[in-house]
Amino acid sequence: MSQSQPRPARVRFAPSPTGYLHIGGARAALYNFLLARQTGGQFILRIEDTDRKRFVPEAEADFMENLRWLGLEWDEGPDKGGPYGPYRQTERAALYRQYAEQLVDRGHAYYCFCTPERLAKLREEQRRKKLPPRYDGHCRHIPLEEAKARVAAGEPHVVRFKTPREGSITVHDLIRGDITVANKDIDDYILLKSDGLPTYHLAVVVDDHLMRITHVLRGAEWLGTFPLHGHLYRAFGWEEPVWVHLSTFLKPSGKGKISKRDADIFRKDHKSVLVKDLREFGYLPEAVDNWIALMGWSYDDRTEFFTLEDLIEKFSLERLKPSPAAVNFKKLDHFQGLHVRALDPRDLAQRLVPFYHRAGYTQVTAADLEPIVPLIQTRITTLDDAPRLTGFFFEDEVHPDPAELVPKGLTPAQALEVARRALAVLEALPDVKAATTEPPLRALVDELGLHARQVFGLIRVAVTGQRVSPPLFESMEVLGRDKVLARMRQAVALLEALAAQDTAPQGD
RNA sequence: GCCCCCAUCGUCUAGGGGUUAGGACACGGGCCUUUCAAGCCCGCGGCCGGGGUUCGAAUCCCCGUGGGGGCACCA
């Protein structure tokens, strides 16, 4: 055990159900999860669904499904409950109103009756005057009794934070240090919307406090309102968690953030920033975890391969980096390769099954794939490469391009002769085990005075229908004698036709 | 327009007052080789700019510049 005994961390991933889990969210979830597991604490899933306009019904299920796929199981959440529930903010609505009123009563917040129209006009004016858009405090000084009466009378209203007009506030981010902002630059943010639901600012502070969150690891997009959150904690008199703002992800060029447009372009290229896509494209969760873990965090100056277990052991907040990181899909492919090769072949065979089914090989089982896996484990990147590379094993027949049966430097007639000789060698053998077929076929190469690549290349195309395939002798062994011989005979026939056509008198 | 954050090879990063500035991906070359991979070896390539502090700055400070985020009854 390590000599320092960190206190158990209670951390959370708190997505808004307005879209699908993307790598930015997944990374935040991963780091939170790692901290919880490393310290023996709890990892909480909380759904921040207070924006009813942008609500996407299937989003919550997507988060849960893909978080689990990544191996990031939570201890408390909407589906499994816990001592600090409920874990969906819309189910906690009454709570926020109560805390908002508490702030009003203590003079830290006020009711505001301004209409959206008035606010729009105000902002327009400020934009014209090149002033920062900010609430003008119109309702800030309405006597509390009067305001309460209007609220009681049912007048539409919101609750705003009464940001101090003077002075400044200093908040602390673990990896950035102190951040000081003048209060005049902080707006009177809305805490409670007219629909009675809280904004992020109120909800996050109330929930993190009530749920005893010890560390907040969230995206850097919250840096701007971080000072407001500091004010809220102080107004409530609550102890703040440790704050860490995670660096943002940039597009692969490093120039600019990833737009919706960029995301669509990635998908055309079999890449994506959505976890569900990566899963569908045949990436391993191990590879995705490894990849995102290293965008904004490092262990040392050389170690890059990590399993989730490794990460739980080695993760540390101190080694988080504050600077933005460009996503690099080539690096994802690299990690994918490392993890594919690290997999137990039988495990890989099982994971491959759904990809064969999807490719149309619906009868394929893990047992069928076990002899094939060793032939392709170093040759595939994403899992859906496998059926493309090895579909010929499961086809009744293959359809080689006759031209590809002719090795470089040979005429069709010469190729035909090679095919006949190779077929004769194979027919004379008792089986097509690699150890059986390789020596006599190599002998044939010598006898014919050709290069191995010429003869084996011809057989490869004949037997697999492809110019690129797994190693020839092992492939023939898996294919079996009947299919090997049938396909060789087919190749001979194809070459006979080609040779005949080749030697036929040419029209002028 | 205002506020905040960030800055080492193309990209992810290590390091950090005196180093041949280290690793990885990508890229180029070689080895291996029945194709394609994998593996191994070699190479290319970097401290954003300007001031200051200092015997000495890539490292500390300031100012620029560049990039990012925010300035909603969205999160």
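So that the names make sense, note that chain A is the first sequence line, chain B the second, and so on, each numbered from 1.
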Counting only side-chain nitrogens and oxygens, does A:Arg341 get under 4.0 Å of the OP1 or OP2 atom of B:rG39? yes
Side chain of A:Glu221 - closest among B:rG70, B:rC6, B:rA38: B:rG70
Once you apply a heavy-atom cut-off of 4.0 Å, does A:Pro470 come out as touching a base, just sugar-phosphate, or nothing? base
Suppose you measure atom P in B:rU19 against the same atom in B:rA24; what distance do you get, rounded to whole Å? 23 Å
Both distances below 3.5 Å, Watson-Crick or wobble geometry, any strand: find the nucleotide opposite B:rG66. B:rC6
No-H, no-angle donor-acceptor pair, A:Ser16 side chain to B:rA75 base, under 3.5 Å: no
Nucleotide nearest A:Arg134 (side chain, heavy atoms from C-beta), chosen from B:rC71, B:rU34, B:rC12: B:rC71
Reckon A:Arg123 has a side-chain N or O less than 4.0 Å from the OP1 or OP2 of B:rA72? yes
Could you work out the separation of B:rA58 and B:rC9 based on their P atoms and round it to a whole Å? 15 Å
For A:Pro17, which contact category applies under a 4.0 Å heavy-atom criterion: base, sugar-phosphate, or nothing? nothing
Between A:Lys330 and B:rC27, is there a side-chain N or O to OP1/OP2 distance below 4.0 Å? no
What is the distance from CD1 of A:Ile186 to C1' of B:rA72, rounded to the nearest Å? 17 Å
Determine the Euclidean distance between corresponding P atoms of B:rU53 and B:rC61; express it in Å to zero decimal places. 16 Å
Indicate whether any N or O donor in one side chain lies under 3.5 Å from an N or O acceptor in the other, for A:Arg27 and A:Ser247. yes
Can a side chain N or O of A:Ser323 be found less than 4.0 Å away from OP1 or OP2 on B:rC5? no
Touch class at under 4.0 angstrom, heavy-atom based, for A:Pro133 against every strand present: base
From B:rC73, B:rA75, B:rC4, pick the nucleotide closest to the side chain of A:Asp51? B:rA75
Going by atom types only, do A:Arg218 and A:His245 share a side-chain donor-acceptor pair under 3.5 Å? yes
Should the ring pair A:Tyr200 and A:His229 be called parallel, tilted or perpendicular, given that the plane angle runs from 0 to 90° and is split at 30 and 60? perpendicular
Aromatic plane relationship, A:His339 with A:Phe305 - under 30° parallel, 30 to 60° tilted, over 60° perpendicular: parallel
Which nucleotide, if any, forms a Watson-Crick or G-U wobble pair with B:rC27, using both distances under 3.5 Å? B:rG43
Distance test, side-chain N/O of A:Arg460 to OP1/OP2 of B:rU35, below 4.0 Å: no
Determine yes or no for a side-chain-to-main-chain donor-acceptor pair under 3.5 angstrom, with A:Arg319 supplying the side chain and A:Tyr299 the backbone. yes
Rounded to the Å, how far apart are A:Glu304 CD and B:rU11 P? 16 Å
A:Asp185 CG to B:rC71 P, straight-line distance once rounded to whole Å: 14 Å
Establish whether the base of B:rC74 is bridged to the side chain of A:Arg54 by a donor-acceptor pair shorter than 3.5 Å. yes
Show your working on salt bridge (Lys or Arg N to Asp or Glu O under 4.0 Å) between A:Glu304 and A:Arg302 and close with a plain yes or no. CA-CA 6 Å; A:Glu304 292 212 312; A:Arg302 52 196 66 250; over 6 Å; no
Could you tell me how far apart A:Trp297 (CH2) and B:rA24 (P) are, to the nearest whole angstrom? 17 Å
Among B:rG68, B:rU11, B:rC36, the one nearest A:Arg379 by side-chain distance: B:rC36
If pairing means Watson-Crick or G-U wobble with both distances under 3.5 Å, then the partner of B:rC55 is B:rG18
Tell me whether the OP1 or OP2 atom of B:rG22 has a side-chain N or O from A:Arg302 closer than 4.0 Å. no
Given B:rU34, B:rU13, B:rG10, the nucleotide with the shortest approach to the side chain of A:Pro471: B:rU34
Of the options B:rC2, B:rU11, B:rA38, whose atoms approach the side-chain atoms of A:Asn328 most closely? B:rU11
Quick check on B:rA75: is either OP1 or OP2 less than 4.0 Å from any side-chain nitrogen or oxygen of A:Lys193? yes
Going by the side chain to side chain contact (heavy atoms under 4.5 Å, CB included) test, name the single residue among A:Arg140, A:Glu155, A:Arg150, A:His157 that passes it with A:Tyr111. A:His157
Mind checking the C1' distance from B:rC62 to B:rU11? Whole angstroms is fine. 30 Å
Interatomic distance, A:Lys184 NZ vs B:rC71 P [rounded to whole Å]: 18 Å
So which nucleotide does B:rC71 pair with, by the Watson-Crick or G-U wobble rule with both distances under 3.5 Å? B:rG1
For a quick check of understanding: with a heavy-atom distance under 4.0 Å over all strands, which category does A:Ile179 fall into, base, sugar-phosphate or nothing? sugar-phosphate
What nucleic acid atoms does A:Gly337 come within less than 4.0 Å of, heavy atoms only: base, sugar-phosphate, or nothing? nothing
Rounding to an integer number of angstrom, what distance separates B:rG23 and B:rC2 when you compare their C1' atoms? 42 Å
With respect to the side chain of A:Glu48, which nucleotide from B:rA75, B:rC2, B:rA24 is positioned closest? B:rA75
Nearest-Å distance for atom pair CG/P, residues A:Asp207 and B:rA75: 13 Å
Using atom C1' in both nucleotides, what's the gap between B:rC63 and B:rA7 to the nearest angstrom? 15 Å
Less than 3.5 Å between a donor and an acceptor, one on the side chain of A:Lys331 and one on the base of B:rA26, is that the case here? no
Using the P atom in both, what is the distance from B:rG49 to B:rU65, to the nearest Å? 15 Å
A:Ile190 has an atom CD1; how far is it from atom P of B:rA75, in whole Å? 10 Å
With a non-hydrogen cut-off below 4.0 angstrom, is A:Lys129 in contact with a base, only sugar-phosphate, or nothing? nothing
Winner on side-chain proximity to A:Arg319, out of B:rC74, B:rU35, B:rG15, is B:rG15
Does A:Phe473 reach a base, just sugar-phosphate, or nothing at all? Heavy atoms under 4.0 Å. base
Of the nucleotides B:rC73, B:rU34, B:rA75, which one has an atom closest to the side chain of A:Leu119? B:rC73
From the set B:rC6, B:rC12, B:rC74, return the single nucleotide nearest to any side-chain atom of A:Thr199. B:rC74
Nearest-angstrom distance, P atom, B:rG15 to B:rA72: 39 Å
Is the phosphate of B:rA14 approached by A:Ser298 (side-chain N or O, under 4.0 Å from OP1 or OP2)? yes
Do we see a donor-acceptor contact under 3.5 Å between the side chains of A:Asp207 and A:Tyr96? yes
Tell me whether the side-chain N or O atoms of A:Ser194 pair up with the base of B:rC73 as donor and acceptor below 3.5 Å, since no angle test is needed here. yes
Quick one, A:Val478 with A:Leu375, criterion side chain to side chain contact (heavy atoms under 4.5 Å, CB included). Give me CA distance, side-chain angles, the key distance, then yes/no. CA-CA 10 Å; A:Val478 172; A:Leu375 308 186; 4.2 Å; yes
What is the separation between atom CG on A:Asp178 and atom P on B:rC4, rounded to the nearest whole Å? 14 Å
Closest non-hydrogen atom pair between A:Leu458 and A:Ala419, with its separation: CD2-CB, 4.0 Å
